[in-house]
Amino acid sequence: MKRYYAHQGKDIFINSGSAKELAPGSFGVCAIGGGAEGWAVVHVGPDGDVADLGGEYYFASPEEALDFTRELIELLG
């Protein structure tokens, strides 16, 4: 799986580390517990603030989280 995607001009990064590595304005699919506990979808605001977009819901695979992120971008666009 690639680590970088773009959808409708928005950057999406898949990483196993912290969302703090992501650039402002980008979306992230981040592993929780190395992926063993699931995958979270986050967005980094213009000031570097990270928002968890899934709330209490986490995804079983990075592919599921990536699909959710793409759908979310379409809704926002």
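All residue numbers refer to positions in the sequence shown, counting from 1. Bear in mind the structure is a predicted one, so any value in this text is a computation, not a measurement.
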S.K.: To check you understand the geometry: which heavy-atom pair defines the closest contact between Pro46 and Pro24, and what is its length?
M.R.: O-CB, 3.8 Å

S.K.: Show your working on side-chain contact (heavy atoms from CB on, under 4.5 Å) between Ile14 and Tyr5 and close with a plain yes or no.
M.R.: CA-CA 8 Å; Ile14 297 177; Tyr5 294 84; 3.6 Å; yes

S.K.: Taking side-chain contact (heavy atoms from CB on, under 4.5 Å) as the definition, give me every residue that meets it alongside Ser16, ordered by chain and number, with sequence neighbours left out.
M.R.: Ala31

S.K.: Compare all side-chain heavy atoms of Leu53 with those of Val42 and state whether any distance is below 4.5 angstrom.
M.R.: no

S.K.: Only pairs at least two apart or in different chains count here, so list each side-chain hydrogen bond (donor to acceptor under 3.5 Å, both in side chains) that has a residue in residues 6-15.
M.R.: Tyr4-Asp11, His7-Glu74

S.K.: Atom CZ of Phe13 and atom CD of Glu21: how far apart are they, to the nearest 0.5 Å?
M.R.: 10.5 Å

S.K.: Which ring pair (Phe, Tyr, Trp, His ring centres under 6.0 Å) pairs, counting each pair once, include a residue from residues 31-55, with sequence neighbours left out?
M.R.: Phe27-His43

S.K.: Considering all heavy atoms of both residues, which atom of Val44 and which atom of Ala19 are nearest to each other, and what is their separation?
M.R.: CG2-O, 4.1 Å

S.K.: Using the side chain to side chain donor-acceptor pair (under 3.5 Å) criterion, which residues pair with Ser18? Sequence neighbours excluded.
M.R.: none

S.K.: Are Ile73 and Tyr57 connected, step by step, through hydrophobic side chains (Ile, Leu, Val, Met, Phe, Trp, Tyr) whose heavy atoms are closer than 4.5 Å?
M.R.: yes

S.K.: Side-chain heavy atoms nearer than 4.5 Å, only ILVMFWY residues, links allowed to pass through others: does that put Leu76 and Val50 together?
M.R.: no

S.K.: Report yes if the side chains of Phe59 and Leu66 come closer than 4.5 Å at any heavy-atom pair, otherwise no.
M.R.: no

S.K.: Can you run down the salt bridge (Lys or Arg N to Asp or Glu O under 4.0 Å) pairs that involve residues 40-54, sequence neighbours left out, and say none if there aren't any?
M.R.: none

S.K.: Donor-acceptor check, side chain of Ser26 to backbone of Leu22, threshold 3.5 angstrom: yes or no?
M.R.: no

